[in-house]
Structures are given as C-alpha cells and as structure tokens.
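We name chains A, B, ... by the order of the sequence lines, and we start the count at 1 in each one.
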Amino acid sequence: MGEPVPLGQFEQLVLTAILMLKGNAYGVTIHERVEELARPRRASLGAVYATLDRLEDKGLIASWLADPTPERGGRSKRHYRLENLGERALKDAARTARRISDAVEQSEGANTWNGRVRKWKPAPQR
Amino acid sequence: MERKGPKVEARPPAVIDWLVRTLIPPAARESVVGDLWERYRSPGQYLFEALKILPYVVVSQVRRSTSFPLAATQAIILFGCLGGFVAPADPRASVIPAPRWEAAAVAAMAGLVALLLRDAYRATERWTIQRGFFDIVTVTGCMALSQAVLAVLVTAADLSPGWLLPSIRALLFAITALPGLLVLRLVLGLDGDVRFSGAESQSSAADIVRDYREFEARVRTRNAVFIGTLLMLVAAAGFLWLFVKPPLVGYAFLVGHLCVIAYVAAKGAARTMPAGIGFAEARAQYRRELDRQRRLFRPLLWWWLLPLFLGIAIQAVAPGIRSGEAPRIAFGIAAVLLLAIAIAMLNRDRTRKFRAKLATLAELAER
C-alpha cells in the first residue's frame, strides 16, 4: 500500500458527498450534499467544480458523461465515482479525524461537546 | 431536499444562455451549463450564478490545460523580446530603446494571460495553422489593450509615461516574438499530436498506413511552418539591420536560424511508406520514423533558442557584472536556468508522447 494522499478539509467533504451519493453523484447533488455536511458554513458551486477537477487529476475520483436529459436543456450530467485511491484517502482522513475527536474529548473532558454536536444524518432523498 | 423557491420559467432566455455558454470553457461547458439549467429559477438568478462560478471554472481549466515548461518558455520569449532584460543605463546592452522592466513585465503578462486563456478555451486537442495564427492575434490584441489602458492612465491618472512601450521596441517585438511564439506553439502542438487513430489493440496494415499518412502530413506542416516562419524572421531581422547596426546577439540570431532552417530542410521530412506494404513492415517503418523524428527535433529547441540565451547573457548578466549589480546578475542567471529547465522539460514531455506511441505500435496485433 502506498503513502496516504493528504486531503484538504473541502476535498474530504466532496469525497464524502460522492461516497454517500453512490450512483447519483454529479455537480448539483454533490454541491447540495457538501452544503449539508459543511453546515452552517456555505459552499459555492464553483469551489465544488474546482475541487472535483483537482481530485480527478490526483486520480482519487473518475468521471463520465451520462445521457442528456430534457430538463437540462439536452445536456449531459458529468457523474463522479470514487476510485480505490480516493476511498483509501478518505478512510485515512476519517481515521485521523476520529483520533483528533478522541484526543479533544480526552483533553477537555466528557462534556466537550455540551450537546452542541449530535450524530449527523443525511437529509431525506427528494 | 426541497428545491429552493418555485420555478417561474422552464428555461433561461436565449441571449443569456448564449452568453453563459460562450463564457464557460468548452471542456466544462456541457456539464456546468446543464447543472445551471437544472437549478434555473429566473434569468437574473441564472446569470448571477453563472458569473459566480465562472472564475472557479476558468482558473481550474487554465490549471488543467497549462504546461509549465511551455508557459515558462513563452513568458521568457515575451519578456526578452520586449526588452525586459536590457539594462537601460548600459548603452552597450541594446541599440534599440528599452522600456523599464516593469513596463515589459506588464505587457508580457498580458500576452501570457492571452495564451493561457487560449489553451483553456480550446475546443479540440488538434493543432492547425489557423489555431496558431488566432493565438498570435489574441496575444497582439491583449497586449495592445494593456497598452491602451496604460495610455489612459498616463493621461488621466498622472501615471509615468515610462510604463508605455517605445514604438520601435513594440515593432521589434512584433517581428521577433510573435513568429517565435507561433513556431513554438504550432511546432510543439503538431509534433506532439501522435495519437493513434486506429483500433486500440488490433489493426490492419491499411490502418497503420492511414495513420502514418496523417503523421507524414503533420510533419510536412510542422516543417513548412518552422522553415517559413524562421525565413520570415531572418528576412525581417536582416531588413532591420540595414538601418540599425546589429549587436553580437543579432549575428548569432541570423546564423543560428539559418543553420536550423538548413537542418530541417535537409532532414526533416518523414520518409514515404511504399504502397502494398505488409503489416509487420509498415509497423517497423512507422516505429523507425517516429524514433528518427523524436531524435531529430530534440536539439532543435536548444539551437533555435540559443540567441535568447545569448541575449539574456549580454543584456542582463554582462551589464550587471560591469556595474556590480548583484540583483541584475542573479536575475539574468535565474532566467537562463529557468529557460534551460523549461526546454529540457519540453523535450522530456515530447519524448514521453513518442515513446507511448512506439509502445502502442509495438503492442498492436494484426487484425
């Protein structure tokens, strides 16, 4: 197994969104899911596009153009999926985030989050 | 998740849609415009959202389409031909008035941005002469626009006139840099276009011959552009030197270019593939010719750009040594090193493409 690929926080959000969306990951849905994950911070659609390009160039995700649809003016969606390298990078990032969370709890005590953070669940599908 | 707001109209107005489609680079146009259509609520919202994402999409496409060695070489050609390396206080550095290095940098940056945007907005990977000429026209237009804006600032905002390029320097730039950029981009583009147009793993002798003919045509165009543009450069420089005594670098420029022209004319053409050739012989000849063209052009960039190395040494490093200006010496040496690294990287990238094509041909099975 090679060296883990370091990920920025926004890259982690985008990869997580693609992982959760499975076969329905394209620009609009990825942006919506990233905004859910990043709440209350906002995420711009342009930043999502730029991050998708960067992740693809790093080999962490792959993309393809699907069939055009009438509600998009006859234009295709560009779908994304995680590559093996992207899955490994996301798991590494999740393990690191878990270690940070545990260290903060140990350092600050059991009431660190004071009820401010509940277990996150995705919003219901449309 | 609920869609934000009710949909008032089903599609954006044609004019706004056309504007958005024109502004989004072709590589991202299909998916991004489709996403904007899906989120459409009103013409104002559509246009506002498109303009918000445009900088991200354009910058991302510039990053993906930019080749660092090509950009660096272009930047040095632009800056050097605008006189940016010339020490204004040293009359031996140049016989033609040189601008402040800041003025040359602004004009060079405008030209470089034009080239980067041309690469980001290209619709196809194929290189043509028309595309090369449009690149040069775009560079000229952007640089002229930057000079026009500076002229307005000189008049209205009391900016120093030293920020404008002298006319004779602009003319010299047009004669030397623009053909040089055309040659650099078009030759590298045509030369590097070695994709195999046949089937991926199986092919026939006819497929190989067809692909070879396309390769032959691109080599012919490449050589014609190279020789034609360099002849124009030599003629223009020769005409200029009738009125202005050329410096040492001018003689090196002429001799170097004439040697390169003779070399390409004598050895540059691809050898013709005979008709009725078998699969194995066709593949062997194609591989031999690819390797020959790869080796033939490798030293050419060095020879062709040798006057630029000499120019930087004469205009920046030597005056710096004479006047004891360490920053000027360091600047000149850094530029020479950057140019050398860029040329080495361009040759390396070109070699990789040729080797990939050689490998593809080696793995082909006869259909």
Side-chain angles (χ1 to χ4, degrees), chain A residues 8 10-11 14 17-18 20-21 24-39 42-59 61-81 120-126, chain B residues 1-41 43 45-68 119-121 123:
Chain A
F10 199 76
E11 290 174 331
V14 170
I18 296 173
M20 297 176 72
L21 287 164
N24 193 33
Y26 63 98
V28 173
T29 54
I30 294 172
H31 175 246
E32 287 172 354
R33 192 52 61 101
V34 165
E35 285 217 306
E36 275 183 53
L37 289 164
R39 200 170 288 147
R42 300 297 303 272
S44 79
L45 182 55
V48 169
Y49 286 134
T51 305
L52 286 168
D53 286 345
R54 211 164 47 244
L55 290 171
E56 190 171 13
D57 292 342
K58 287 184 187 177
I61 61 176
S63 74
W64 70 98
L65 281 174
D67 293 333
T69 54
E71 63 267 18
R72 294 169 59 90
R75 290 185 180 85
S76 308
K77 292 178 190 174
R78 181 169 286 282
H79 283 264
Y80 295 87
R81 66 163 192 273
W120 183 85
K121 281 183 194 170
Q125 296 281 342
R126 274 184 251 172
Chain B
M1 169 175 282
E2 291 292 322
R3 211 172 264 283
K4 296 176 195 172
K7 272 200 168 172
V8 177
E9 295 162 58
R11 53 184 295 162
V15 170
I16 295 179
D17 187 46
W18 171 84
L19 178 64
V20 168
R21 276 188 290 115
T22 305
L23 291 174
I24 303 283
R29 191 172 289 158
E30 177 80 5
S31 55
V32 169
V33 174
D35 289 347
L36 290 172
W37 268 63
E38 202 175 305
R39 291 158 65 99
Y40 177 79
R41 292 198 306 280
Q45 171 269 335
Y46 180 78
L47 185 60
F48 181 63
E49 195 159 58
L51 293 175
K52 265 197 339 182
I53 67 170
L54 187 64
Y56 292 95
V57 173
V58 170
V59 168
S60 183
Q61 199 51 39
V62 166
R63 182 188 60 77
R64 288 182 122 183
S65 62
T66 295
S67 150
F68 164 74
D119 288 337
Y121 276 85

Donor-acceptor contact below 3.5 Å, side chain A:Thr29 vs main chain A:Asn24: yes
Heavy-atom donor-acceptor pair, B:Arg29 side chain to B:Ile24 backbone, under 3.5 Å: yes
Which bit of B:Val57 is near chain A, if near means a heavy-atom gap under 4.5 Å: side chain, backbone, both or neither? side chain
Answer with side chain, backbone, both or neither: which region of A:Leu45 has an atom nearer than 4.5 Å to a non-hydrogen atom of chain B? both
Who passes ring pair (Phe, Tyr, Trp, His ring centres under 6.0 Å) against A:Tyr80, sequence neighbours left out? none
Greatest number of non-hydrogen atom pairs under 4.5 angstrom with chain B, of A:Ser63, A:Ala47, A:Ala50, falls to A:Ala47
With only heavy atoms counted, which part of B:Val59 is less than 4.5 Å from chain A, the side chain, the backbone, both or neither? neither
Does A:Arg72 pair with B:Asp35 as a salt bridge, N-O distance under 4.0 Å? yes
Please state whether the side chain, the backbone, both or neither of A:Ser76 comes within less than 4.5 Å of a heavy atom of chain B. both
Under 3.5 Å, side chain of B:Tyr46 to main-chain N/O of B:Arg39, donor-acceptor pair present? no
Can you tell me which of A:Gly27, A:Gly74, A:Gly73, A:Ala66 forms the most heavy-atom pairs within a distance under 4.5 Å of chain B? A:Gly73
